[in-house]
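Here is the structure we will look at, set down as structure tokens.
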Amino acid sequence: MLHETRKLRIYNTLTGKKDVFEPITPGYVGMYVCGPTVYNDAHLGNCRTYVSFDVIHRYFRHLGYKVRYVRNITDVGHLTDDGEDRMAKGSKLAQLEPMEVAQKYTLGFHDMMRILNTLPPSIEPRATGHIPEQIEMVQSILDRGLAYERNGSVYFNVPKFAGENPGVYGSVSGRILDDLYAETRELKNQDEKNHPADFAIWMKARPQDLMVWNSPWSVGFPGWHLECSAMSTKYLGKTFDIHGGGNDLKFPHHENEVAQNHGACGCSPARTWMHTNMLLLNNKKMSKSDGNTISPAELFSGNSPHTTKAYSPMVVRFFMLMAHYRSTLDITDDALLAAEKGYSKLMETSRLLQSLPVDSKAFDGSENEHDRAVSTLMEEAYKGMDDDFNTAVVIAALNEMGSYVHKIANKQLPADALSPWVLDRMKAIFNTFLFDILGLLDDTSSAGDSGVVDGLMNLVLDMRAQARAQKDWAASDKIRDALSAIGIQVKDGKEGVTWGRSV
RNA sequence: GGUUUCCUGGCCGAGCGGUUAGGCACAGCUCUGCAAAAGCUGCUACAGCGGUUCGAAUCCGCUGGAAACCUCCA
């Protein structure tokens, strides 16, 4: 197993540095990632986070870990500015049942995850499916004296918790309790709370609330952060390896999650907290609420004032992976254009690499300078992933490997420049990183087409070859231009003609 | 106002005290009927000012600029 020999370092929000990853149970990884709230179409920011964790998930699997990846669907519980339950608000606008709204956007989210080629999580629990678990957790917290009931609602007692567990509250967000107390003092209608920093773990329903459940305290609904605490505990245990989510969830969501878990079981939940950074548009955070967004659909169709053309889902995925997951990433047309070119080139390189013949010469232990260079690059790709999942470093290494591939294919290096066992290994490693770990698909090839397209292309290119043989440049160029017009690029190489789709 | 992060060449973006990151764009060359593709070479960097160090994009301080969080957001 690779994980036994490689040393993976992960940046842990709790410690503020990269720690060597040691799973709680050797060989197994438990990872919880906060999923989307399904009251709206998924936007690109969501996509970036889930693509990032998809690569993380894939790399753990590649290393040989058995991974239980839990990503929830939030279909209840978050309040809007005007105090309405989000699902209820959506339903009123659309004249639909709340669960109909949730279903619609859950399906849309799944479509988007599939289009971006993310692997499904092992478990995708819904908040509404875990109301009993959440009620139990509220009770546990009450039993431990860390919450109080007020008019049918239950509030978490932050000052008491913080006093009993020094250093815990604030450990995720880096917030200092005194500051927090001072800040929240100004906020509106907190009259039921003992203290402004307290937060609801069970809310008594008002007449307009639609999604409500019975509980020992009132007919109501669970607090805004409780679902993740309850579901992570249920599926991963009280203490598990990794909890992830977007940067903007650190406070209050993750901070309160830790407090609740701690409050219910007296132990810390996740050992490692991972946070992805924001996707920017116009140098500002993309956000559903302030309208600074570009939807995946707009990006894929080119129907947006922010872009000049359509970009394929794989180009978008590649674009995201060109940056480290903890860096902000600014969406611009220029950057997408660059990503598109880079993506196509790597796909082309992959096809070319796989087509290179490998000698059947037996391994004799020899190693030339090119062998060493390529071996170093392969190791650098691994080192990149081992260093907090640095996909940018992986892509750089793949590009450098690609240089060797093209040189050999173009006869600028002799066919035996690389020893067969090195070439063989590069074939495997290159595709492993590109497809299995980075999770890209080749949407520039004819792989998904029926044989008809290949047959037609062979015919057309054959006719062009005949025209060229007779120096009929007009006919030859007409074919080339016509193909170009429908998005097919003809590539005249030393070893004959190939073709590809311009993405 | 409080907390935190960031500022790299025309653009995107790695970098965590000593290496040419890489991609895109651009220029020249090779190849080509021409072009494209591909390869090679070149090309502009570390916001500013100080400090620590044999050595700093990388550590520290100050100044300037941007962003995030403090309220639902990935």
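Numbers restart at 1 for each chain; the letters A, B, ... are given by sequence-line order, proteins then strands.
Taking the P atom of each, B:A47 and B:G13 are spaced 15 Å apart, rounded to whole Å. With P as the reference atom, B:G23 and B:U63 are 40 Å apart, rounded to whole Å. B:A25 and B:C62 are spaced 42 Å apart, taking the P atom of each and rounding to whole Å. Only the P atoms considered, B:A45 is 12 Å distant from B:C11, to the nearest whole Å. B:A57 and B:G48 have their P atoms separated by 11 Å, given to the nearest Å. Between the C1' atoms of B:U8 and B:C16, the separation comes to 15 Å (whole Å). Of the C1' atoms belonging to B:C31 and B:G22, the separation is 25 Å, rounded to the nearest Å. Here the separation of B:C34 from B:C26, taken at their C1' atoms, is 22 Å to the nearest Å.
Taking the side chain of A:R175 as heavy atoms from C-beta on, and the options B:G2, B:A67, B:G33, the nearest nucleotide is B:G2. Candidate nucleotides B:C70, B:A74, B:C16 were compared by shortest atom distance to the side chain of A:D248, and B:A74 ranks first. Comparing B:A74, B:C12, B:G22 against the side chain of A:F319 picks out B:C12 as the nearest. Side-chain atoms of A:H406 lie closest to B:A38 of the nucleotides B:C34, B:A38, B:C69. Taking every side-chain heavy atom of A:N410 into account, B:G39 is the closest of B:A68, B:G13, B:G39. Picking from B:A14, B:A36, B:U32 the nucleotide with the shortest atom distance to the side chain of A:R468 gives B:U32. Closest to the side chain of A:K345, from the set B:A38, B:A74, B:A36, is B:A38. Listed nucleotides B:G13, B:C70, B:A74 differ in distance to A:D330; the shortest reach to its side chain belongs to B:G13. Candidate nucleotides B:C12, B:C69, B:A37 were compared by shortest atom distance to the side chain of A:A335, and B:C12 ranks first. Distances were taken from every side-chain heavy atom of A:T37 (C-beta onward) to each of B:A74, B:A66, B:A14; the shortest belongs to B:A74.
Spacing between atom CZ of A:F433 and atom C1' of B:G22 amounts to 15 Å, rounded to whole angstrom units.
Stacking annotation: A:Y50 is not stacked on the base of B:A74 (requires ring centroids less than 5.5 angstrom apart and an interplanar angle below 30 degrees).
You'll find the ring centres of A:Y50 and A:F109 inside the 6.0 Å limit. Ring centroids of A:F319 and A:Y343 are separated by 6.0 Å or more, keeping the two rings apart.
Both distances falling under 3.5 Å, in either a Watson-Crick or a G-U wobble arrangement, place B:A66 opposite B:U5. In this entry B:C34 has no Watson-Crick or G-U wobble partner, no candidate having both defining distances under 3.5 Å. In this structure, B:C49 and B:G61 make a Watson-Crick or G-U wobble pair, each of the two defining distances being under 3.5 angstrom.
Side-chain N/O atoms of A:K407 and base N/O atoms of B:C40 include no donor-acceptor pair closer than 3.5 Å. Looking at A:D492, its side chain comes within 3.5 Å of the base of B:A35 through a donor and an acceptor atom. Between the base of B:G33 and the side chain of A:D477 there is a donor-acceptor pair shorter than 3.5 Å. Counting distance only, with no hydrogens placed and no angle test, the side-chain atoms of A:R480 and the base atoms of B:A35 include a donor-acceptor pair under 3.5 Å. Under 3.5 Å, the side chain of A:H43 and the base of B:A74 form at least one donor-acceptor pair of N or O atoms.
Relative to the ring axis of A:F53, A:R71 does not place its NZ or CZ within 45° and under 6.0 Å from the centre.
A:N247 has no side-chain polar atom (N or O) that falls below the 4.0 Å cut-off from OP1 or OP2 of B:U5. At B:G39, none of the side-chain N or O atoms of A:S403 fall inside 4.0 Å of OP1 or OP2 (strictly under the cut-off).
Between A:H254 and A:W273, the ring planes lie tilted relative to each other; the angle falls in the 30° to 60° range.
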